[in-house]
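Taking it in order: structure first as structure tokens, then the write-up.
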Amino acid sequence: MQDSECINFLQYALPQLHLRWSGFRKVRSQVCKRIRRRLRELGLSDVFAYQSYLATHPAEWSVLDAYCRITISRFYRDRRVFDRLRQKVLPELAQLAISRGDSKLRCWSAGCASGEEVYTLKIIWNLYLLPQFPDLPLEIIATDADAHLLQRAKIGCYASGSLKELPPELLTMAFSQRNQQYCV
């Protein structure tokens with residue numbers, strides 16, 4: 001399957017899964033690789049045959065949907081974003097919550113995968129911002145469509161590859177090592 005064929009297929013299929021193409025441009029190679037593997041499993045020659053298969057096997061849409069879920073997740077994955085959250089966004093939100101008389105600062109992480117970004121946010125809050133706002137706990141609701149990933153997030157233990165972008169001081173302050181994994 002050529003890249004252009006996969007792109008055309010994704011542009012056809014994603015809207016039917018209530019997903020948008022714009023979110024897949026950068027990660028399409030991962031999704032296309034999964035689709036290629038599925039074509040081999042089903043003995044289908046190309047995405048056109050897969051499109052026909054989808055039309056006659058409605059349950060296959062849930063398989064395709066699972067293949068389209070991107071699970072790239074690491075602690076402190078986009079340093080600039082987390083630095084901005086720590087230095088500007090969270091303090092401003094905390095001040096706003098206090099001025100409204102809120103008892104906690106709440107946020108929602110939709111599509112949290114296995115929780116690395118959620119835990120990063122909580123670590124940043126606990127280590128840097130909670131001392132400034134000791135009477136304002138941070139409550140994070142983390143959701144994902146994949147129950148397996150949510151279970152992994154609940155366990156809170158990760159391979160070293162998930163921590164490669166985490167500043168070393170946060171690693172020593174927020175994690176313990178167990179059986180070659182780092183646990184929050």
Side-chain angles (χ1 to χ4, degrees), residues 1-82 85 105-124 138-166 175 178-184:
M1 168 176 49
Q2 294 182 359
D3 189 49
S4 60
E5 293 171 328
C6 187
I7 289 170
N8 288 335
F9 174 75
L10 288 173
Q11 289 174 337
Y12 150 78
L14 291 173
Q16 296 184 58
L17 296 170
H18 305 289
L19 300 170
R20 293 178 309 170
W21 164 247
S22 61
F24 284 82
R25 284 188 295 241
K26 292 182 180 179
V27 295
R28 74 174 182 271
S29 63
Q30 180 183 13
V31 175
C32 291
K33 182 179 176 181
R34 293 172 181 174
I35 292 170
R36 275 193 287 283
R37 185 176 62 236
R38 184 64 176 160
L39 293 177
R40 284 192 302 274
E41 289 170 1
L42 294 172
L44 299 173
S45 58
D46 55 31
V47 289
F48 305 109
Y50 190 43
Q51 213 167 321
S52 297
Y53 186 85
L54 286 163
T56 59
H57 298 84
E60 182 66 19
W61 282 100
S62 63
V63 175
L64 177 60
D65 184 64
Y67 287 154
C68 291
R69 302 299 169 174
I70 305 304
T71 58
I72 299 168
S73 187
R74 286 188 300 276
F75 287 88
Y76 230 88
R77 189 175 93 181
D78 189 335
R79 180 179 213 104
R80 289 181 305 169
V81 169
F82 284 106
L85 285 167
L105 180 59
R106 293 184 179 117
C107 71
W108 173 31
S109 175
C112 69
S114 51
E116 289 92 331
E117 284 93 354
V118 175
Y119 283 121
T120 300
L121 190 60
K122 187 68 171 172
I123 289 166
I124 287 170
L138 175 65
E139 178 183 280
I140 304 172
I141 304 289
T143 61
D144 197 275
D146 188 326
H148 173 73
L149 290 176
L150 283 175
Q151 183 58 36
R152 191 171 155 212
K154 285 179 185 177
I155 294 168
C157 294
Y158 302 88
S160 61
S162 292
L163 297 122
K164 65 183 179 182
E165 296 179 48
L166 186 71
F175 291 85
R178 281 186 241 146
N179 301 326
Q180 298 187 10
Q181 287 200 319
Y182 294 87
C183 300
V184 180

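All residue numbers refer to positions in the sequence shown, counting from 1.
When all heavy atoms are compared, the tightest approach of L121 to L85 is CD1-CD1, 4.1 Å. When every heavy atom of C157 is checked against every heavy atom of Q181, the shortest pair comes out as CB-OE1, 3.4 Å. Shown here for C68 and V31, the closest heavy-atom pair between the two residues is SG-CG1, 4.0 Å. Across all their heavy atoms, R178 and C183 have their closest contact at NH2-CB, 3.6 Å. The shortest non-hydrogen separation linking R34 to A66 is NH1-O, 4.0 Å. Here the shortest heavy-atom pairing between S160 and Y182 reads CB-CE1, 3.9 Å.
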Exercise. For L64 and F9, run side chain to side chain contact (heavy atoms under 4.5 Å, CB included): C-alpha distance rounded to whole Å, both residues' side-chain angles, the deciding distance at 0.1 Å, then the answer.
Key: CA-CA 11 Å; L64 177 60; F9 174 75; 3.9 Å; yes
Exercise. May I have the step-by-step check of side chain to side chain contact (heavy atoms under 4.5 Å, CB included) for E5 and D46, ending in yes or no?
Key: CA-CA 9 Å; E5 293 171 328; D46 55 31; 5.6 Å; no
Exercise. Report the C-alpha separation of H148 and Q151 in whole Å, then their side-chain angles, then the decisive distance to 0.1 Å, and conclude whether the side chain to side chain contact (heavy atoms under 4.5 Å, CB included) test is met.
Key: CA-CA 5 Å; H148 173 73; Q151 183 58 36; 5.6 Å; no
Practice problem: Check the pair L10 / C32 against side chain to side chain contact (heavy atoms under 4.5 Å, CB included), numbers first and verdict last. | Solution: CA-CA 9 Å; L10 288 173; C32 291; 4.1 Å; yes
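By the neighbour-count criterion of 12 heavy atoms within 6.0 Å, atom CD of E41 is densely surrounded, having more than that number from other residues, nucleotides or ligands.
Taking OH of Y119 as the reference point, atom SG of C112 lies at 9.0 Å (rounded to 0.5 Å). The distance from atom CH2 of W61 to atom CG of L54, rounded to the nearest 0.5 Å, is 4.5 Å. Of the inter-residue distances, the one linking L138 atom CG with K122 atom NZ reads 5.0 Å to the nearest 0.5 angstrom. To the nearest 0.5 Å, the span separating CD on E60 from OH on Y53 amounts to 5.5 Å. Atom CG of D3 is separated from atom CG of N8 by 9.5 Å, given to the nearest 0.5 angstrom. For the atom pair R77 CZ and K164 NZ, the distance stands at 11.0 Å (nearest 0.5 Å).
Between the side chain of Y50 and the backbone N or O of R36 there is no donor-acceptor pair closer than 3.5 Å. In this structure, T120 contributes its side chain and Y76 its backbone to a donor-acceptor pair below 3.5 Å. Y158 places a side-chain N or O within 3.5 Å of a backbone atom of S114 that can act as its donor or acceptor partner.
In this structure, the side chains of V47 and Y12 stay at 4.5 Å or more apart for every pair of heavy atoms.
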